[in-house]
Amino acid sequence: MPGRLLRDLQQRWRRYKYRFVPWIALNLSHNPRTLRYVPDESRDKIISDEDVLGMLLKVFQALFINDLDKQSDILTVLPEPVKSKYQDLLSVQHLRVKHLEYRHQQRTTLKPEEILYKTLGFSVARAPSSLISAGKGVFVTKGLVPKDAVVSMYPGTVYQKYEPVFFQSIGNPFIFRCLDGVLIDGNDKGISKVVYRSCNGRDRLGPLKMSDSTWLTSEIHNPLAVGQYVNNCSNDKAANVCYQEFDVPAVFPIELKQYLPNIAYSYDKQR
């Protein structure tokens with residue numbers, strides 16, 4: 001019995017140690033699994049940043065328009081040209097509703113996963129794996145994923161290399177380390193959840209939310225915010241699914257930031 005317990009603990013440690021920040025720091029220079037070598041950052045891109053941005057804007061704008069009736073507070077603080085654009089889009093949708101066979105029907109609000117399907121041609125969701133003791137994973141629930149498509153985003157609090165993440169990393173399998181050493185804590189429980197909610201409330205500007213916190217709940221507004229449950233590919237990117245690092249540009253539409261599932265730990269650092 002003690003031997004079996006020891007073997008179980010050793011197996012758990014072998015899987016978890018690559019997420020434990022102190023162990024990563026001590027083994028960074030001589031353990032190849034903790035560092036992925038990329039000779040040129042541009043060569044690590046599966047698709048261009050412009051294409052990534054275009055897909056995100058397409059999905060986020062569709063989500064915003066779908067929920068436009070509840071965005072009145074945000075519309076009041078937007079510049080007039082931006083406000084007019086969304087109001088014109090809403091008017092077009094209302095005109096289409098009037099031409100329906102059942103004119104008494106009101107414009108229905110679709111679920112986020114349905115918006116994703118209508119926008120990109122597929123929808124994804126977190127669900128139990130068919131493998132025994134495999135837990136939950138991310139599955140394509142509808143449609144087909146085209147080549148070079150963004151299928152998910154890795155949510156969580158973003159930490160710079162010098163920021164404290166020791167206690168958050170204890171027993172946390174969702175610490176993701178980027179090429180430049182920046183860490184993303186994608187855990188939706190415990191201290192990680194508390195830290196994210198605190199930073200999310202700190203950065204809010206009146207009705208404008210600078211990030212999305214619904215990925216911490218069962219009612220996710222951004223259906224792409226399930227990347228922490230997607231397995232990463234190998235160093236040679238031989239798998240069909242591979243992660244790619246992307247920095248949100250400063251010109252990102254402020255009304256769409258409410259769907260970004262990341263928040264910087266430091267107020268003056270945005271990623």
Side-chain angles (χ1 to χ4, degrees), residues 15-57 60 148-170 172-188 191-192 195-196 198-200 202-203 210-212 215 222 224-239 241-252 257 259-271:
R15 291 198 305 260
Y16 163 66
K17 62 185 179 181
Y18 301 104
R19 308 283 185 168
F20 188 52
V21 172
W23 188 92
I24 292 175
L26 292 174
N27 293 272
L28 186 62
S29 60
H30 56 81
N31 192 305
R33 182 171 175 179
T34 66
L35 185 64
R36 192 164 61 89
Y37 175 69
V38 177
D40 184 0
E41 184 178 353
S42 62
R43 293 172 58 186
D44 195 48
K45 302 290 186 180
I46 305 299
I47 55 178
S48 68
D49 285 347
E50 291 75 16
D51 289 339
V52 173
L53 178 61
M55 278 183 273
L56 293 183
L57 290 177
F60 290 1
D148 296 339
V150 175
V151 296
S152 66
M153 303 176 68
Y154 200 100
T157 306
V158 179
Y159 294 87
Q160 300 298 316
K161 291 180 288 186
Y162 51 82
E163 293 176 333
V165 72
F166 173 79
F167 290 107
Q168 295 92 315
S169 71
I170 297 176
N172 183 357
F174 296 108
I175 298 290
F176 184 89
R177 183 165 53 82
C178 301
L179 286 174
D180 56 3
V182 170
L183 300 173
I184 304 177
D185 183 3
N187 195 3
D188 59 2
I191 187 173
S192 302
V195 170
Y196 188 93
S198 176
C199 295
N200 177 262
R202 172 203 66 193
D203 290 358
M210 297 296 103
S211 62
D212 174 33
W215 66 273
N222 176 4
L224 295 174
V226 292
Q228 75 273 46
Y229 297 105
V230 177
N231 291 331
N232 302 324
C233 76
S234 60
N235 289 358
D236 58 5
K237 297 187 292 188
V241 178
C242 185
Y243 84 88
Q244 178 170 314
E245 297 175 17
F246 172 75
D247 291 334
V248 177
V251 295
F252 196 85
K257 288 187 175 182
Y259 302 110
L260 292 173
N262 299 100
I263 193 73
Y265 180 76
S266 293
Y267 183 78
D268 59 339
K269 295 290 184 181
Q270 296 294 329
R271 182 175 179 80

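Heavy-atom basis, side chains included; hydrogens, waters and symmetry copies ignored.
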Is the shortest heavy-atom distance from the side chain of [X] to the side chain of [Y] under 4.5 Å?
X	Y	value
Phe246	Leu53	yes
Gln228	Trp215	yes
Tyr159	Gln168	yes
Val195	Tyr265	yes
Arg202	Ile263	yes
Leu183	Cys178	no
Asp148	Asp51	no

(message) Below 30° counts as parallel, above 60° as perpendicular, anything between as tilted: where do the rings of Phe252 and Phe60 land?
(response) perpendicular
Taking all heavy atoms of [X] and all of [Y], pick out the closest pair and write down the distance.
X	Y	value
Lys161	Val182	CG-N, 4.1 Å
Met55	Val150	SD-N, 3.5 Å
Leu224	Val151	CD2-O, 3.5 Å
Gly227	Pro155	N-CD, 4.0 Å
Ile47	Gln244	O-NE2, 2.7 Å
Met210	Asp203	CG-O, 2.9 Å

(message) For a quick check under 3.5 Å, do Ser169 and Asn172 share a side-chain donor-acceptor pair by atom type?
(response) no
(message) Under a plain distance cut-off of 3.5 Å, with no hydrogens placed, do Asn200 and Ser211 share a side-chain donor-acceptor pair?
(response) yes
(message) Tyr154 vs Asn262, test: side chain to side chain contact (heavy atoms under 4.5 Å, CB included). Steps then yes/no.
(response) CA-CA 8 Å; Tyr154 200 100; Asn262 299 100; 5.6 Å; no
(request) Supply the atom-to-atom distance Ile184 CD1 to Ser192 OG, rounded to the nearest 0.5 angstrom. (result) 13.0 Å
(message) Rounded at 0.5 Å granularity, tell me how far CG in Asp185 sits from OG1 in Thr157.
(response) 5.5 Å
(request) State yes or no: are the ring centers of Phe176 and Tyr243 separated by less than 6.0 Å? (result) yes
(message) Quick check on side chain to side chain contact (heavy atoms under 4.5 Å, CB included): which of Asp212, Val248, Asn222 does Leu260 satisfy it with?
(response) Val248
